[in-house]
Protein chains: 2
Amino acid sequence: MKLLVVEDEKDLRQAICDFFVKSGEVIIGAENIFEAEDKLISHQFDLVILDITLPDGSGIDLISTIKKTQSNVGILILSAKNSLDDKIQGLDLGADDYLTKPFHISELNSRVKALVRRSIFRGEDVIKFNEIVINLEQRQAYVSASPISLTNKEFSLLLFLVNNKNRVLTKDSIAEHLWGDSVEYLENYDFIYTHIKNLRKKILAEGGQDYLKTVHGIGYKYCDL
Amino acid sequence: MKLLVVEDEKDLRQAICDFFVKSGEVIIGAENIFEAEDKLISHQFDLVILDITLPDGSGIDLISTIKKTQSNVGILILSAKNSLDDKIQGLDLGADDYLTKPFHISELNSRVKALVRRSIFRGEDVIKFNEIVINLEQRQAYVSASPISLTNKEFSLLLFLVNNKNRVLTKDSIAEHLWGDSVEYLENYDFIYTHIKNLRKKILAEGGQDYLKTVHGIGYKYCDL
DNA sequence: CTTAAATCTGAAGGAATTCTGAAGTTCTGA
DNA sequence: TCAGAACTTCAGAATTCCTTCAGATTTAAG
């Protein structure tokens, strides 16, 4: 899962990033609208956590940009103000939820989880793909009803692949989705090879078929057949 | 927006077509699976409205064909039966929504609208040429709905040819397109011959016709027969 | 019809990519 | 602080793909 946090208060931004990094998500921060727009162009997010009051304008204005470039992304608004106006305006423009500062990080977490369930997976907390079932709430994958224990990277990888089934994902896009900005330039793809190998092994061990296809010279694709 | 209605009851099909034509959509009807497959080859649809019970088989079987050639098209299933089985099977196979007969045309309309909102944005790049379909996102070519596995060079070559169908491409322009600047001066075209050969072989093996014509002394042309 | 050039074909190196097991490093929770 | 899990790195093996080549076939021109 890939999140964008647009928040100018450095401490808060850092705290949010730290929290979600710990729970295994890829999270990218931006401290103003300008930076956020830049990130939105180069990344595909699942959710944007958006502060309303930013140094170079209102977060409200960013909503339409977000909706234009990434139609399936969820938006959660943060605001110090308790004003109903902003809330209503934000939700009207397409935001999905609203949180008033100050808040507990755990509340943010549960709202984020709820939104992501709703937005990426269209209201279903379970993704099915032939004999593979991914339960997002439990963060647990099953192969023909047997649970398989996946590490964070493996789970994200499987999710990314299944969410883009039948689509070829380049190694670069996989790297970007799983590691975010941190990998600027890759000299090799060894870690992708390794995680793919381990994921395949675990799925096969439970009797799953080999849906994960290598596209030589490009990347991987999760496909029927 | 372009819709396909697969429905054998003439009155119902006509009513659906009339309604959507009035609201400005392009809609094409088919009264059985055979006809539907034909339309699917020659058109790119945003949504298929699919009756389950058809004279020459179950609409369920059509779903995989649709998904193969146009994986991002929306599918809405109609059924007289209220059976859960069909619904579940359909949705598992990739249908996006379900409507039980009898229904109000206005309900069909709002479901169609909702589906199209969701699927049209995914705008998939599909190039068609007679029975050959090239899906760019999947990086997959199909010959009459059967996938053929192509290497990178073969895929680029096919794409280049189909994108310039009915136009003669010189060997030099092919070389430049596939290998870029790297080839300054060619002493022979052996590698082009080889890739053309392999491409032809793979297409023929799946029962495709020989659209790939040699223009002696110049190059190649992909053409109608 | 003859001949030379162009194209086709299968096979065989060789290069690049991917796979794999294992070892090394970092992270995390007790 | 320590042990185990997760992640990354590494080197050799395996695989796939690209190119080259030599002989066969086809085409165009004389």
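Naming: A, B, ... by sequence-line order, numbering from 1 per chain.
Atom NZ in B/K153 sits roughly 12 Å away from atom P in D/dC17 (whole-Å rounding). The distance from atom CG of A/N198 to atom P of C/dT20 is 10 Å, rounded to the nearest whole Å. Rounded to whole angstrom, the span from the CZ atom of B/F191 across to the P atom of C/dC8 amounts to 15 Å. One atom, CD1 of A/I174, and another, P of D/dC7, lie 16 Å apart when rounded to the nearest Å. With rounding to whole Å, B/R200 atom CZ is found 13 Å from D/dT25 atom C1'. Nucleotide C/dG29 holds its P atom 11 Å from the CG atom of A/N152, rounded to whole Å. A straight line from NE2 of B/H195 to C1' of C/dC8 spans 15 Å, rounded to a whole angstrom. Rounded to an integer number of Å, the gap from A/D190 CG to D/dT8 C1' is 9 Å.
When each of A/K197 and A/K202 is assigned the nucleotide of DNA chain D bearing its nearest heavy atom, the one mapping closer to the 5' terminus is A/K202. Checking A/I192 against A/L150, the closest nucleotide of DNA chain D that is more toward the 5' end is the one next to A/L150.
Side-chain N/O atoms of B/T151 and base N/O atoms of D/dT16 include no donor-acceptor pair closer than 3.5 Å. The base of D/dT16 does not come close enough to the side chain of A/T214 for any donor and acceptor atom to sit less than 3.5 Å apart.
Residue B/W179 places at least one side-chain N or O closer than 4.0 Å to OP1 or OP2 of D/dT19. Residue A/K171 has no polar side-chain atom (N or O) positioned under 4.0 Å from OP1 or OP2 of C/dT17. One finds a side-chain N or O of A/Y193 lying less than 4.0 angstrom from the OP1 or OP2 phosphate oxygen of C/dT18.
Under a 3.5 Å cut-off, the side chain of A/D56 and the backbone N or O of A/I33 do form a donor-acceptor pair. Distance alone, capped at 3.5 Å, places no donor-acceptor pair between the B/K39 side chain and the B/V6 backbone.
Using modelled atom types, one finds a donor on one side chain and an acceptor on the other under 3.5 Å when comparing A/T214 with A/R200.
Note: B/L161 CG to B/K221 NZ = 12.0 Å, rounded to the nearest 0.5 Å.
The cationic atom of B/K165 (NZ for Lys, CZ for Arg) does not lie both less than 6.0 Å from the six-membered ring centre of B/F129 and within 45° of the ring axis.
Residue-level contact check: A/Y220 touches the backbone only, with heavy atoms under 4.0 Å from sugar-phosphate atoms and none from bases.
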